[in-house]
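To keep things clear, I will list the structure first and then write my remarks on it.
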Amino acid sequence: MASPATGLPAPRLAGRDAAAEAVAGIVQRPGRTALTMLGTILGVGAFVAVLGLTATSAGQISRQFTLLEDTTVIVADNGGLTPLGANPPIGFPADASQIADRINGVTAAGVWWPVSLPADTAFTGSLALSATPDQAVTLLAASPGAATAMGLSMIAGSTLSAYENDTGQHVAVIDTGTASELGISPARLSAHPAVFVNGIGYTVVGIYRSARRVVIGESAMLIPANTALADYGNPQPGIGNQDEAQLIIATQVGAARAVARQIAAAELPTDPSRLVVTSPPSPQTLQSQVSGDLAGLFLVLALISLLIGAVGIANTTLVAVLERTGEIGLRRALGARPRHIAVQFLAESVALGTLGGLIGTCIGVGIVVGFAAAKNWTAVLDPTATLPAPLIGAVVGLLAGAYPAMRAARISPLAALRQG
Amino acid sequence: MSAPVIELRGLAHSYPGPPPVPALRPAELVIEAGDYVAVTGPSGSGKSTLLHLLGLLDTPTSGSYLLDGVDTSALGDKDRSALRGRRIGVVFQAFHLLPYRTAAENVLLALLYNQTPRGARLPAAAGALDAVGLGHRLDALPVTLSGGECQRVAIARALVNSPALVLCDEPTGNLDSANAAALMGLLDDLNATGYTIVVITHDPVVAGHARRTIAISDGVLTELTGAGRG
Ligand SMILES: Nc1ncnc2c1ncn2[C@@H]1O[C@H](COP(=O)(O)OP(=O)(O)OP(=O)(O)O)[C@@H](O)[C@H]1O
Ligand SMILES: [Mg+2]
């Protein structure tokens, strides 16, 4: 260990001593320390806050977004192996609603299909007056369960009943838009107004304002499924043409995917593959899609603030080096080697960066939690992004301190002592 | 140790120009252990240049400088730093105390780089401050100390490693006459306990305390024998 020339041990700065010197340099100038750290605090704080806020709002967006889809399962009948040209009988069993109702989490279920009508079909309010609605009206055949599962908000009358379906009554439920265009007043349902479709009359028993499923935002007229079978025959076969018979199922929140797994086998134990089940997308996939777009942009902003933080530390450390040339010369005169000077300044900037990173992380987490609390949302903080955040500060300090430390190491003891 | 503390063989230094300034002409000088030497000369004569060379803070342009018999001109940065940290104590004219460190912490700095065990540092620093009469001001910051007290902290820092050579640059330059007298007494005492001291000074009174006086003029050293009290 001892040098052969001088008989003295080589100069050395132990890691613990370097750390102590760095801490002393930071603690003894609290004002300068705070200003130096400001950039890193802001950068890391912005980084954590932006990621946290993005995750939190994305979680919230996807929760609202999926609430409806999360309660909906659609089962379509692809028609099986029937020859082309003939409409097959409906693939669902007659008691499809009851079978679905027995599955845990199902609140309502029923079969429906769009009735295919000739192109020149006229919807009129009476046989004499030919008041046709402006927009096209869709005629839907719906079992009572399907009408319930569609979640109609009735403003007058009631939805289709089991009795009306079983007995094939000529009744209908229509939306408010169609009703007003046909001159049917919600207040006067007791007068049994009727809608005529190509001359066949249907008594209006209910008018709905809006729907949660299937007939959202369109003019529609619902008639009992058995009435439709008698008047218009079997629905079209096939998948994807939107003309086939479908089973619409409303479930409790969160039950949709479980119901989707069981429904085909429950409805058609002998030929479950005839049914095509559409289940809602998983919330995780959706959330990552939503947050992916926003996070990209915000991450760039956070990186920019980190860069500003790094420039801040580099600048202040450089100023500190120039300001402390006297100290550097003194340390050299007391036996420090250039590398010891470099290590000291590097340790100081890394400690500053880490401290700034820690404070910034705390502030960022505070902002996310406060924002979520104010909005009554759940704060979402990704631990893989939040926990290493102080390390980002350390890296910023290391990079920012490298050049000033090099400059400090190159200062000659003589020049330094003359200046001080 | 039989080798002299300092032996200069044709040591010369010129500052690079243009034009180059020959601040120290080739000099021969031997300073034995226990010597007390004053270096005097007019401003710009090369006193500080000599002190920096002796303190290994600068490298000569020619000649050799033997410290304790070791030729320093052949040494690399590692050995030169080790000698600075162990064998040489410098008391700077401007003291060079760190303003945000206490008296004890300023003295501790001289033990930081020379592998002194951590536990031995504070007792050594306290001992050195005690030796200069500041044992009661260990935790004082430099701003709360008088000029004379700051000077003594700087001396304690130079002494804490028991160096072979103590160099003082204008030790009375920043002191009033009472403090200067106290300082001279301190240097006399240190020399009496065996320290080898080289003092650079303008002040004939200070030079009068030394056993040897070396005059420097335009970079040329001349021994003034008998100029001391001797
Ligand atoms: N870095 C330098 N570059 C060029 N010339 C220098 C440098 N430092 C000192 N000199 C010159 O070297 C000569 C000796 O300078 P030095 O500082 O050793 O004088 P000094 O005796 O200490 O003077 P003073 O009593 O004023 O401190 C002077 O002429 C000075 O101008
Ligand atoms: Mg000088």
Side-chain angles (χ1 to χ4, degrees), chain A residues 1-33 320 323-344 347-348 409-420, chain B residues 15 48-49 51-53 55-59 67-72 74-102 105-118 121 141 154 157-158 160-161 163 167 169:
Chain A
M1 278 294 282
S3 155
T6 60
L8 296 176
R12 159 160 202 276
L13 181 63
R16 231 178 95 180
D17 291 327
E21 287 298 306
V23 167
I26 287 169
V27 170
Q28 283 160 354
R29 303 283 305 269
R32 197 193 69 188
T33 298
E323 176 190 296
R324 286 157 73 184
T325 40
E327 175 185 337
I328 294 168
L330 173 75
R331 288 174 185 271
R332 294 292 306 278
L334 293 176
R337 302 186 62 190
R339 65 185 62 169
H340 300 146
I341 302 295
V343 161
Q344 182 196 338
E348 260 183 51
R410 279 209 298 258
I411 289 176
S412 95
L414 207 52
L417 287 170
R418 270 220 197 83
Q419 226 187 54
Chain B
Y15 292 103
S48 294
T49 304
L51 180 106
H52 293 147
L53 291 173
L56 296 178
L57 298 169
D58 207 350
T59 45
L67 180 68
D68 277 341
V70 178
D71 187 354
T72 60
L75 299 179
D77 170 68
K78 194 205 287 185
D79 286 324
R80 290 169 66 84
S81 293
L83 285 173
R84 283 202 293 265
R86 277 276 180 194
R87 310 298 289 154
I88 302 170
V90 185
V91 182
F92 297 98
Q93 181 172 4
F95 310 151
H96 287 300
L97 300 181
L98 298 190
Y100 299 98
R101 308 278 176 110
T102 65
E105 285 168 345
N106 267 288
V107 176
L108 277 176
L109 222 50
L111 302 163
L112 186 60
Y113 302 98
N114 63 14
Q115 299 211 12
T116 306
R118 210 168 273 116
R121 291 179 197 165
L141 288 175
R157 187 178 59 197
V160 70
N161 284 308
L167 300 171
D169 195 358

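- Taking CZ from R84(B) and CG from L8(A), the interatomic distance works out to 12.5 Å, rounded to the nearest 0.5 Å.
- Using a 4.5 Å cut-off between heavy atoms, E105(B) contacts chain A through its side chain alone, with no backbone atom that close.
- Nearest heavy atoms, Q115(B) versus A10(A): NE2-O, 3.0 Å.
- Side-chain contact between L141(B) and Q28(A): absent, with no pair of heavy atoms (C-beta onward) separated by less than 4.5 Å.
- In this structure, chain A has a heavy atom under 4.5 Å from the side chain of L98(B), while its backbone stays farther away.
- Across I88(B), D58(B), V70(B), L57(B), the residue that shares the most heavy-atom pairs under 4.5 angstrom with chain A is L57(B).
- Between the CZ atom in R157(B) and the CG atom in L334(A) there is a gap of 5.5 Å [rounded to 0.5 Å].
- Of the two parts of R324(A), neither the backbone nor the side chain holds a non-hydrogen atom closer than 4.5 Å to a non-hydrogen atom of chain B.
- The contact between A14(A) and chain B is made entirely by side chain atoms (from C-beta outward), counting heavy-atom distances below 4.5 Å.
- Ranked by heavy-atom pairs under 4.5 Å with chain A, the list L83(B), T72(B), N161(B), L111(B) is led by L83(B).
- When every heavy atom of R101(B) is checked against every heavy atom of A24(A), the shortest pair comes out as NH2-CB, 3.6 Å.
- A distance of 12.0 Å separates CG in L97(B) from CD in E327(A), rounded to the nearest 0.5 Å.
- Closest approach of A336(A) to S81(B), counting heavy atoms only: O-OG, 3.9 Å.
- When each of H340(A), R331(A), R337(A) is paired with Y113(B), the side chain to side chain donor-acceptor pair (under 3.5 Å) condition holds for R331(A) and for no other.
- Taking 4.5 Å as the limit, some side-chain heavy atom of L109(B) sits within range of a side-chain heavy atom of E21(A).
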